[in-house]
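Here the structure is laid out as structure tokens; the discussion comes afterwards.
Naming convention: chains lettered A, B, ... in sequence-line order (proteins, then strands); numbering from 1 in each chain.
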Amino acid sequence: DGGITQSPKYLFRKEGQNVTLSCEQNLNHDAMYWYRQDPGQGLRLIYYSQIVNDFQKGDIAEGYSVSREKKESFPLTVTSAQKNPTAFYLCASRTPPGGGWVRSGELFFGEGSRLTVL
Amino acid sequence: GIQVEQSPPDLILQEGANSTLRCNFSDSVNNLQWFHQNPWGQLINLFYIPSGTKQNGRLSATTVATERYSLLYISSSQTTDSGVYFCAVRRSGNTGKLIFGQGTTLQVKP
């Protein structure tokens, strides 16, 4: 089945450690996104990528890094520089605008990864 | 950047009641979506509606792009409708960033 897979679903980390969250999609989408959600809050954009080997900072990129070496994959690294990393992280991909795609331009989400720093 | 405001922030309904959720945005947009976040955190796509009106069962949505707002209607609400409803927009001319509102938390009581 086509979809977006995030792993791990739950992750615990000690302070000072880097951690990488995986996001894989088999929908053949060019654009992919990482959002952060804190309890009772909306989603804030960390990074996004519109094409392989290219990505842009979102509104809260400090303390995070990404790569986009393959179309299917957009991993997010939460570095030790991120001062408050405990959060729910959501990855998404978007169907291209126009071009005959069904539901063109629409954003689809994975199930999320919950990171807790101990 | 574009501002997205949702109202009301919280809403409590009795099962069977109708409701209207609103999303205001501060600039012209070429993409607007409504999502429902269930208690497990999963975001479910409800509507992709940069303009016009769509209906899907008990839910419908209308976006008036020229006046910069969108409405989500829920009729005959059920307990399973509980959760958080988000709208997200992308400013016209911006090819990438989708910005979310803060959400409306809906609780439907039996």
- Item | Partner chain A: residue of B:G103, B:G1, B:G41 with the largest heavy-atom pair count (under 4.5 Å) | B:G41
- Message: side-chain contact (heavy atoms from CB on, under 4.5 Å), that's the test. Do B:L43 and A:L90 meet it? Break it down for me.
- Response: CA-CA 9 Å; B:L43 279 160; A:L90 287 150; 3.9 Å; yes
- Message: The test is side-chain contact (heavy atoms from CB on, under 4.5 Å); show your working for A:R44 and B:I99 and say whether it passes.
- Response: CA-CA 7 Å; A:R44 293 183 291 167; B:I99 303 301; over 6 Å; no
- Query: Same hydrophobic cluster for A:F55 and A:L21, using side-chain heavy-atom links shorter than 4.5 Å among ILVMFWY?
  - Reply: yes
- Message: Looking at A:L107, is its backbone amide N or carbonyl O close enough to the side chain of B:Q33 to form a donor-acceptor pair, meaning the two atoms are under 3.5 Å apart?
- Response: yes
- Would you please test A:Q37 and B:F86 for side-chain contact (heavy atoms from CB on, under 4.5 Å) and show each step? CA-CA 12 Å; A:Q37 187 179 30; B:F86 290 103; 3.5 Å; yes
- Message: Can you pull out every ring pair (Phe, Tyr, Trp, His ring centres under 6.0 Å) where at least one residue sits in residues 77-96 of chain A? Sequence neighbours excluded, please.
- Response: A:Y64-A:Y89
- Against chain B, label A:Q56 side chain, backbone, both or neither, depending on which of its atoms sit under 4.5 Å from a heavy atom there. neither
- Task: Could you look at A:R114 and say if it's the side chain, the backbone, both or neither that has a heavy atom under 4.5 Å from chain B?
- Result: side chain
- Query: B:N31 versus A:R94: any side-chain heavy-atom pair under 4.5 Å?
  - Reply: yes
- Might you confirm whether atom CD1 of B:I44 has over 12 heavy atoms from other residues, nucleotides or ligands at distances under 6.0 Å? yes
- Answer with side chain, backbone, both or neither: which region of B:Q37 has an atom nearer than 4.5 Å to a non-hydrogen atom of chain A? side chain
- Stepwise, does the side-chain contact (heavy atoms from CB on, under 4.5 Å) test hold for A:D59 with B:K97? CA-CA 10 Å; A:D59 298 317; B:K97 293 174 65 172; 3.1 Å; yes
